[in-house]
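Scroll down for the structure; my scribbles are underneath it.
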Amino acid sequence: MTRTPLRAELLFAQNVSARDEQHMVALMAELGAPAAQVRRSVGHRGPEELHWLVLASLPLQAFLSGIGAEAVKDAYRGLANLVGRLTRRSASPGATPRPVVLQDERSGVRVVLEGDLPPEAYRELALLDLSRFALGPVHWDRALGRWRSELDEAAG
């Protein structure tokens, strides 16, 4: 059974290199979104106004389910490596590194991928049920070893 290719929109911060942009587009294609629409963010007044490096908007539950497929295991490892590399390169001394963010195009729920997530976070990401979240953002809680949204927990 072949999966229908996913449509994705990728918005890159200005300081992401063209090479890293190409790697992200190639990884998205390997992970099931081969025809990503790519844009660059417009200039901002201050560095703190943009809190992410890459914002990927797509049918996120289908994308996450695809990450769990055996055929794309290497691609999701590649995603983890690219996220780590992007965040390390973009970090200014003393500043908090900006993450890569996956956003569900329908619900708007965002999943935040920090550069130093452990491999188990990516394994659990492939199993993540987005219907559990209404508000987001969803972060990996290192102490609890799971994906969670503090805003959803506070509202519940």
(request) Please round to the nearest 0.5 Å and tell me the distance separating atom CZ of F12 and atom CG of L55. (result) 10.5 Å
(request) State, yes or no, whether a side-chain contact exists between V138 and L128 at a heavy-atom distance under 4.5 Å. (result) yes
(message) Give me the atom names and distance for the closest heavy-atom approach of A134 to V109.
(response) O-CG2, 3.9 Å
(message) Less than 4.5 Å apart, side chain to side chain, heavy atoms only: is that true for R7 and E105?
(response) yes
(request) Give the minimum heavy-atom separation between L6 and A62, together with the two atoms involved. (result) CD2-CB, 3.8 Å
(message) Working to the nearest 0.5 angstrom, can you tell me the gap between Q37 CD and L11 CG?
(response) 10.0 Å
(message) If you define the side chain from C-beta out and look only at heavy atoms, does anything of R142 sit under 4.5 Å from D116?
(response) yes
(message) Does atom CZ (R132) have a neighbourhood of more than 12 heavy atoms from anything else shown, all under 6.0 Å?
(response) yes
(message) Looking at W140 and G145, would you say the former's side chain and the latter's main chain have a donor-acceptor pair under 3.5 Å?
(response) no
(request) Taking the side chain as every heavy atom from C-beta outward, state whether Q61 and D129 have any atom pair closer than 4.5 Å. (result) yes
(message) Is any side-chain heavy atom of M24 closer than 4.5 Å to one of V38?
(response) no
(message) Between R146 and E153, does any NZ, NE, NH1 or NH2 come within less than 4.0 Å of an OD or OE carboxylate oxygen?
(response) yes
(request) Please tell me if the side chains of R98 and N15 come closer than 4.5 Å, counting only heavy atoms from C-beta onward. (result) yes
(message) Has E21 got a side-chain atom pairing as donor or acceptor with R39's backbone, closer than 3.5 angstrom?
(response) no
(message) Let me confirm one number: the CG-CG distance from L102 to L60, rounded to the nearest 0.5 Å.
(response) 5.5 Å
(message) Measuring only between side-chain heavy atoms, which start at C-beta, is V111 closer than 4.5 Å to H139?
(response) no
(request) For a side chain to side chain contact (heavy atoms under 4.5 Å, CB included) with H23, tell me which candidate from L82, V16, N81, L86 qualifies. (result) L82
(message) If you apply the rule side chain to side chain contact (heavy atoms under 4.5 Å, CB included), what do you find for V54 with V101, and how did you get there?
(response) CA-CA 6 Å; V54 179; V101 176; over 6 Å; no
(message) Is the shortest side-chain heavy-atom distance between L58 and E9 below 4.5 Å?
(response) no
(request) Starting at CD of E124, measure out to CD of E120 and round the result to the nearest 0.5 Å. (result) 7.0 Å
(request) Could you tell me the separation between the CG atom of L64 and the OH atom of Y122, rounded to the nearest 0.5 Å? (result) 11.5 Å
(request) For T87 and P99, work out which heavy atoms get closest and say how close. (result) CG2-CA, 4.1 Å
(request) Provide the closest heavy-atom pair for A33 versus A8 in the form atom of the first, atom of the second, distance. (result) CB-CB, 3.9 Å
(message) Can you tell whether the side chains of D20 and R85 come within less than 4.0 Å, N to carboxylate O?
(response) yes
(request) Considering non-hydrogen atoms only, spot the tightest contact between G136 and D152 and give its length. (result) N-OD2, 2.9 Å
(request) Look only at the side chain of D104 and the backbone of P59, and say whether a donor-acceptor pair between them is shorter than 3.5 Å. (result) no
(message) Apply salt bridge (charged side-chain N to carboxylate O under 4.0 Å, His left out) to residues R148 and D141 and explain how you reach the verdict.
(response) CA-CA 7 Å; R148 66 187 283 230; D141 185 312; 2.6 Å; yes
(request) Write down the atom of W147, the atom of A121, and the distance for their closest heavy-atom approach. (result) NE1-O, 3.0 Å
(request) First locate atom CZ of F63, then atom OG of S57, and finally report the distance between them rounded to the nearest 0.5 Å. (result) 12.0 Å
